[in-house]
Amino acid sequence: MQHYLNYIDGQWKDAAGQLLVNNPATGQVYASIAQADISDADLAMAAARRCVESGALSDVRPAQRTTWLLKAAEAIRAVADAGALVACRENGKSLNDAYDEFNEAARYFEYYAGLADKIEGISVPLGKDYIDFTQYVPMGVSVQIVPWNFPVSICARSLAPALAAGNAVVIKSPELSPLAMTILVKAIETAGFPKGAINLLCGKGSDVGRHLVQHQFCNQIVFTGSVQTGQSILKDAAERATPSVMELGGKSAAIAFADVNLDQLIASVKVGIFFNAGQVCSAMSRLIIQQSRYDQVKQAVVALAQSLCPGPGEHNPEITPVISQQQQQRILAMIEQARAEGAQVLCGGIAVDGPGYFVLPTVIEATPEMQIANEEVFGPVLVIMPFEEEAEAIRIANGTDFGLVAGVFGEGLSQTLNVANQLRGGQVFINEWFAGGIETPFGGVGLSGFGREKGQEAIYSYVQTRNIGIRLSTA
Ligand code: NAD
């Protein structure tokens, strides 16, 4: 069994303890990884701090960081095949999707390479006696806590802009799926970043994760994960007033109007809720359908769900396992609760017999006040609901505490745009779920969090503004 290590101060390091990583498709232990403890976390934070103080990242000409980032992108592409196999086995995701994660990671490095030398301040006019300008300076040490659902691409999503802006980074990988991230960082390491610029630890969130965010050297927290953990981290962040980016969960809704193009909608439902077994923060977990097309759309989504075959990620199936037995049981318990509240489970709703943590694609007819229509399931479970009038659809869509993404499906541009303008969320898709890419800003409102990742805007999550005012001497 292969044993993976942590990366601290430019060295791959073992630890006294180890964590075992399961293959969700078989339920068997797949590999182990060094389990960092508090002393490892201290070493990583000290290394990052030394890197910041040395100026090795922040004082160079920004074009140097562009060069490093581009080299890193190339190195990531070179390990994509090998990395994808590990990601598929530790995470359960399909081999193709795992490969896409590495490609997306490379794209983040390329994209932010292009921005590293364009983080420009402004000149502020104050009259003839002054010269005043702003600079964007790095935060310092950025602590980045990563979840298990897309560990490779989410790691790159925060790491690339942080490095582009000149920050040193300490990353805490998720306990359930930390292995492919080590392959990612091994590739990035070859690009020649200064020692201590990147540190990667796997350890328990409750001790190592918490220690990192509370650490005196932590100048910024970038957290991607559940609402509950985010809230707890925010309380810790408050102690030292540490700036934070919070990318949390969602219960995102698509509204389908009577003039929807059914094929287009079904293609979006397929990726929206069944991709990665629904373990996507921005999943289409609710579909609100105008009454006159309700029965037709309902039949079509049920037919879609029933047509999807589960299988191990290595076979590139349409439905992959969920991450753990605990997660599988949690999903099934939420479905049972929905039944108890009177919701109709139209298909799925059960585990697949045999090894691995599979949940059959599930469609549930519910009403807006039910738990299943308000809480994040994080599994292949779609809730459908009818509506009569536009205002009712908007009310239902905006009716949860979350606000990550939303979608509108219909032929009329005025109607879809008008509704999109009224939906609560950081991103609204019209006629294609996940329209957008690494170039488009992403983040939430409400319990879905705050701050933006992706796109040009994300670079400003990794800098702070310094204003310099000069009083000119008078002759
Ligand atoms: P989680 O909150 O359980 O864990 C996320 C990370 O936080 C893990 O690395 C964990 O070890 C760490 N952690 C736990 N307690 C901590 C603490 N007190 N201090 C510091 N770190 C701590 O989330 P998860 O189960 O890994 O991921 C699923 C959740 O993530 C879902 O709610 C999903 O919606 C959300 N998510 C959001 C986005 C986004 O961009 N908005 C992306 C992916 C996942």
Side-chain angles (χ1 to χ4, degrees), residues 19 21 33 35-36 38 41 90-91 93 101 104 108 143-158 170-178 181 200-215 218 221-239 242 244-252 273 275-285 322-324 326-327 330-331 334 375-379 400-405 425-427 434 436 438 440-455 458 461:
L19 286 164
V21 180
I33 187 165
Q35 180 180 354
I38 302 290
E90 70 170 324
N91 194 287
K93 65 179 58 212
E101 261 205 76
E104 190 166 297
Y108 279 117
V143 168
Q144 308 191 342
I145 312 271
V146 178
W148 49 259
N149 60 338
F150 293 96
V152 169
S153 61
I154 289 177
C155 176
R157 181 175 88 179
S158 307
V170 178
I171 308 156
K172 214 290 282 165
S173 58
E175 299 90 314
L176 293 172
S177 189
M181 280 173 69
L200 173 68
L201 301 172
C202 184
K204 293 277 179 195
S206 50
D207 55 30
V208 168
R210 185 145 195 237
H211 186 68
L212 292 174
V213 300
Q214 291 176 325
H215 203 282
C218 169
I221 300 164
V222 182
F223 173 71
T224 308
S226 64
V227 172
Q228 200 184 12
T229 308
Q231 288 168 328
S232 140
I233 289 176
L234 280 175
K235 285 183 193 146
D236 284 335
E239 290 293 317
T242 310
S244 306
V245 174
M246 288 280 140
E247 293 285 358
L248 310 178
K251 190 75 192 177
S252 303
I273 187 63
F275 162 59
N276 211 39
Q279 301 167 117
V280 181
C281 53
S282 47
M284 182 205 287
S285 46
V322 298
I323 189 77
S324 64
Q326 195 190 355
Q327 185 66 9
R330 187 181 158 273
I331 295 167
M334 287 186 80
E375 287 184 18
E376 187 180 43
V377 178
F378 224 54
T400 74
D401 293 329
F402 294 103
L404 194 52
V405 303
Q427 192 168 21
F434 298 136
I438 64 159
T440 49
F442 174 78
V445 303
L447 281 189
S448 294
F450 52 83
R452 291 293 177 265
E453 293 274 42
K454 301 165 108 170
S461 300

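From a predicted model like this one, the values you see are computed outputs, not experimental measurements. Start at 1 and go down the list; that is how both ligands and their atoms are numbered.
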Asker: Just go through T229, I221, V227 and tell me whose heavy atom is the nearest to atom 3 (O) of ligand 1.
Answerer: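 Selected option, by shortest heavy-atom distance: T229.
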Asker: Which atoms of ligand 1 are found less than 4.0 Å from any heavy atom of R157?
Answerer: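 Reading through ligand 1 atom by atom, the close ones are 39 (C), 40 (O).
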Asker: Report yes if some N/O of K172 lies less than 3.5 Å from some N/O of ligand 1; otherwise report no.
Answerer: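 Yes, at least one N or O pair falls under 3.5 Å.
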Asker: Could you find the nearest protein heavy atom to atom 12 (C) of ligand 1 and give me its residue, atom name and distance?
Answerer: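 Sorting protein heavy atoms by distance from atom 12 (C) of ligand 1 puts I145 CG2, 3.5 Å first.
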Asker: What do you reckon, does Q228 put a non-hydrogen atom under 4.0 Å from ligand 1?
Answerer: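 No, that is not the case, since the closest heavy atom of the residue is not under 4.0 Å from the ligand.
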Asker: Considering only heavy atoms, which of G249, G225, A237 lies nearest to atom 35 (C) of ligand 1?
Answerer: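 Heavy atom nearest to atom 35 (C) of ligand 1 belongs to G225.
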Asker: Just which atoms of ligand 1 are under 4.0 Å from any heavy atom in N149?
Answerer: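 Ligand 1 atoms under the 4.0 Å threshold to N149: 43 (C), 44 (C).
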Asker: In terms of residue, atom name and distance, what is the protein heavy atom nearest to atom 39 (C) of ligand 1?
Answerer: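 Result: C281 SG, 3.3 Å.
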Asker: Could you tell me the residue and atom name of the protein heavy atom closest to atom 41 (N) of ligand 1, and the distance to it rounded to 0.1 Å?
Answerer: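 The answer is L248 O, 2.7 Å.
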Asker: Show which atoms of ligand 1 fall inside a sub-4.0 Å distance from at least one heavy-atom site of I233.
Answerer: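 Checking each atom against I233, I get 19 (N), 20 (C), 21 (N).
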Asker: I'd like to know whether S461 forms a side chain to side chain donor-acceptor pair (under 3.5 Å) with E453, so could you lay out the CA-CA distance, the side-chain angles of the two residues, the decisive distance to 0.1 Å, and finally the verdict.
Answerer: CA-CA 8 Å; S461 300; E453 293 274 42; 5.4 Å; no
Asker: Mind running salt bridge (Lys or Arg N to Asp or Glu O under 4.0 Å) on E90 and K93 for me, showing each step along the way?
Answerer: CA-CA 8 Å; E90 70 170 324; K93 65 179 58 212; over 6 Å; no
Asker: Please table the atom pairs, donor to acceptor, closer than 3.5 Å between any side-chain atom in residues 231-238 and protein atoms at least two apart or in another chain.
Answerer:
residue: D236; atom: OD1; partner: R210; partner atom: NH2; Å: 2.9
residue: D236; atom: OD1; partner: Q214; partner atom: NE2; Å: 3.2
residue: D236; atom: OD2; partner: R210; partner atom: NE; Å: 2.7

Asker: In terms of atom number and element, which parts of ligand 1 are under 4.0 angstrom from non-hydrogen atoms of P147?
Answerer: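 So the atoms of ligand 1 that pass are 26 (O), 27 (O), 43 (C), 44 (C).
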Asker: Give the atoms of ligand 1, by number and element, whose distance to some non-hydrogen atom of S232 is under 4.0 Å.
Answerer: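 Listed by number with element: 18 (N).
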Asker: What protein heavy atom is closest to atom 17 (C) of ligand 1, reported as residue, atom name and distance in Å?
Answerer: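 Heavy-atom neighbour on the protein nearest atom 17 (C) of ligand 1: G205 O, 3.4 Å.
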Asker: Taking N or O atoms only and a 3.5 Å limit, does E376 qualify as a polar contact for ligand 1?
Answerer: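 Among all N and O atoms of E376, at least one is under 3.5 Å from an N or O of ligand 1.
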Asker: How far is atom 23 (O) of ligand 1 from its nearest protein heavy atom, and which residue and atom is that?
Answerer: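 For atom 23 (O) of ligand 1, the nearest protein heavy atom comes out as S226 N, 3.4 Å.
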Asker: Heavy atoms only: which of F378, W148, F442, F223 lies closest to atom 5 (C) of ligand 1?
Answerer: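 Shortest heavy-atom distance from atom 5 (C) of ligand 1: F223.
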Asker: List every atom of ligand 1 that sits less than 4.0 Å from any heavy atom of I154, numbering the atoms from 1 in the order shown and giving each element.
Answerer: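 Taking each heavy atom of I154 in turn, ligand 1 has 42 (C), 43 (C) under 4.0 Å.
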Asker: Looking only at protein heavy atoms, which one is nearest to atom 20 (C) of ligand 1, and what is the separation?
Answerer: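 Answer for atom 20 (C) of ligand 1: G209 C, 3.3 Å.
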Asker: Can you sort out which atoms of ligand 1 are near V146, meaning under 4.0 Å from one of its heavy atoms?
Answerer: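 Checking each atom against V146, I get 6 (C), 8 (C), 9 (O).
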Asker: Does E175 reach ligand 1 with a nitrogen or oxygen that is under 3.5 Å from one of the ligand's nitrogen or oxygen atoms?
Answerer: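 N/O-N/O distance under 3.5 Å: yes.
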Asker: Which atoms of ligand 1 sit under 4.0 Å from any heavy atom of T224?
Answerer: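 It comes down to these atoms of ligand 1: 5 (C), 37 (C), 38 (C), 39 (C), 40 (O), 42 (C), 43 (C).
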